[in-house]
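See below for the structure under consideration.
Chain A is the first sequence line, chain B the second, and so forth, proteins listed ahead of strands; every chain is numbered from 1.
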There are 2 protein chains.
Amino acid sequence: MKNRIKVGRAERDLSQADLAERIGVSRQTINSIETGRYVPSTILALKLAQVFEKPVEELFQLDETD
Amino acid sequence: MKNRIKVGRAERDLSQADLAERIGVSRQTINSIETGRYVPSTILALKLAQVFEKPVEELFQLDETD
DNA sequence: ACTATTTGTAAAGCTAACTTTACTTTTGGT
DNA sequence: ACCAAAAGTAAAGTTAGCTTTACAAATAGT
């Protein structure tokens with residue numbers, strides 16, 4: 001799984017902490033997703049898509065390992 | 001989280017077992033998602049979206065409890 | 001009515017998602 | 001160089017996703 005959360009965050013000028021607060025998760029959760037330590041739940045993915053006003057498919061992309 | 005997997009499956013005339021096999025999960029996983037016992041990972045959501053050729057947002061919708 | 005397929009569900013077990021706390025490293029501004 | 005904010009990371013604990021096995025209930029075809 002690749003993701004473009006860091007980019008989305010940069011576009012909106014949000015810190016990891018800002019974003020975490022907006023969607024109701026811990027900052028480490030955002031960090032861990034960005035750095036690929038784990039894949040979010042669909043609920044989180046949909047919330048991120050809402051914040052960035054982008055489709056989930058644009059934010060998250062499957063790779064060979066998935 | 002609401003989802004429209006049962007509908008997508010009906011459109012393509014796939015059994016839960018068929019669908020499960022196509023995306024590489026157990027039949028119970030599909031059943032559990034359909035019956036709302038749990039929410040899939042983003043990886044699974046993207047794969048389901050691929051099979052049904054529909055955006056994730058169309059297949060999965062947040063509700064108040066999320 | 002009989003049989004086969006599909007669906008629903010449950011229990012036990014494993015792994016991954018997520019939390020909190022806490023510390024280090026990096027980046028940016030002055 | 002100094003300080004503050006942001007980002008990275010780690011450990012321990014809890015919960016949720018997913019597996020396998022197994023069985024019961026519902027649906028469909030003949």
Side-chain angles (χ1 to χ4, degrees):
Chain A
M1 271 277 328
K2 286 184 178 176
N3 76 70
R4 304 189 28 97
I5 295 172
K6 192 172 184 174
V7 175
R9 220 163 38 73
E11 286 172 357
R12 309 237 158 193
D13 197 28
L14 294 169
S15 69
Q16 293 180 345
D18 291 336
L19 179 57
E21 198 183 4
R22 284 192 72 173
I23 63 183
V25 293
S26 71
R27 180 182 69 81
Q28 286 78 354
T29 294
I30 299 297
N31 184 275
S32 296
I33 292 167
E34 279 191 16
T35 58
R37 263 196 296 280
Y38 55 71
V39 170
S41 68
T42 297
I43 290 177
L44 232 173
L46 286 170
K47 287 182 180 175
L48 288 165
Q50 274 186 352
V51 169
F52 296 138
E53 298 179 299
K54 284 180 183 173
V56 171
E57 283 84 350
E58 202 173 307
L59 232 41
F60 297 94
Q61 284 146 23
L62 294 171
D63 59 30
E64 306 74 39
T65 74
D66 296 321
Chain B
M1 272 276 328
K2 286 183 179 177
N3 75 71
R4 301 185 38 92
I5 294 172
K6 192 172 185 174
V7 175
R9 219 162 40 72
E11 286 171 357
R12 310 236 158 193
D13 197 28
L14 293 170
S15 70
Q16 292 180 346
D18 291 336
L19 180 56
E21 197 183 4
R22 284 190 73 171
I23 63 183
V25 295
S26 71
R27 180 182 67 81
Q28 287 77 353
T29 294
I30 299 298
N31 184 275
S32 296
I33 292 167
E34 279 191 15
T35 57
R37 263 195 298 279
Y38 56 72
V39 170
S41 69
T42 297
I43 290 177
L44 233 173
L46 286 170
K47 287 182 180 174
L48 288 165
Q50 274 185 354
V51 169
F52 295 138
E53 299 179 300
K54 284 181 184 173
V56 171
E57 283 84 350
E58 202 174 307
L59 232 42
F60 296 94
Q61 284 146 23
L62 294 172
D63 59 30
E64 306 74 40
T65 73
D66 296 320

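The CG atom of A:L44 lies 8.0 Å from the CD1 atom of A:I5; values are rounded to the nearest 0.5 Å. If you take CG on B:L48 and CD1 on B:I23, they are separated by 4.0 Å, rounding to the nearest 0.5 Å. Here A:E21 contributes atom CD and A:I30 contributes atom CD1; the two are 11.5 Å apart, rounded to the nearest 0.5 Å. Atom CD of A:Q16 is separated from atom CG of A:N31 by 4.5 Å, given to the nearest 0.5 angstrom. Here the NZ-CG distance, from A:K6 to A:L19, works out to 13.5 Å after rounding to the nearest 0.5 Å.
Using a distance-only test at 3.5 Å, with no hydrogens or angles considered, no donor-acceptor pair links the side chain of B:S32 to the main chain of B:Y38. In terms of modelled atom types and a separation under 3.5 Å, the side chain of A:D18 and the main chain of A:S15 share a donor-acceptor contact.
Residue A:E34 is the one, among A:E34 and B:Y38, whose nearest nucleotide of DNA chain D lies closer to the 5' end (criterion: closest heavy atom).
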>> Within the 4.0 Å limit for protein heavy atoms, which parts of nucleotides 20-30 of chain C are touched? Write it as a string from 5' to 3', B for base, S for sugar-phosphate only, - for none.
In response: BBB--------
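Applying the salt bridge (charged side-chain N to carboxylate O under 4.0 Å, His left out) test to pairs two or more places apart or on separate chains, none has a residue in residues 57-66 of chain A. Listed by first then second residue, pairs satisfying salt bridge (charged side-chain N to carboxylate O under 4.0 Å, His left out) with a partner in residues 33-54 of chain A read A:R9-A:E34, A:E11-A:K54, A:R12-A:E53, not counting sequence neighbours.
At a non-hydrogen distance threshold of 4.0 Å, A:K6, A:R9, A:S15, A:Q16 from residues 2-16 of chain A come into contact with DNA chain D. A heavy atom lying under 4.0 Å from DNA chain D marks the following residues of residues 41-66 of chain B, by number: B:S41, B:L44.
Residues A:F60 and A:T42 fail the side-chain proximity criterion, which asks for heavy atoms closer than 4.5 Å. Contact annotation: the side chain of A:L59 never approaches that of A:N3 to less than 4.5 Å [non-hydrogen atoms, C-beta and beyond].
Atom P of nucleotide D:dC18 and atom CD1 of B:I30 are separated by 9 Å, given to the nearest angstrom. The nearest whole Å value for the distance from the CG atom in A:L19 to the P atom in D:dA6 is 13 Å.
Residue B:N31 places none of its side-chain N or O atoms closer than 4.0 Å to OP1 or OP2 of C:dT7.
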Listed pairs, N/O of protein and of nucleotides 26-30 of chain D, under 3.5 Å:
none

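Nearest heavy-atom pair across B:I33 and B:P40 is CD1-CB, 3.6 Å. Nearest heavy atoms, B:P55 versus B:A49: C-CB, 4.4 Å.
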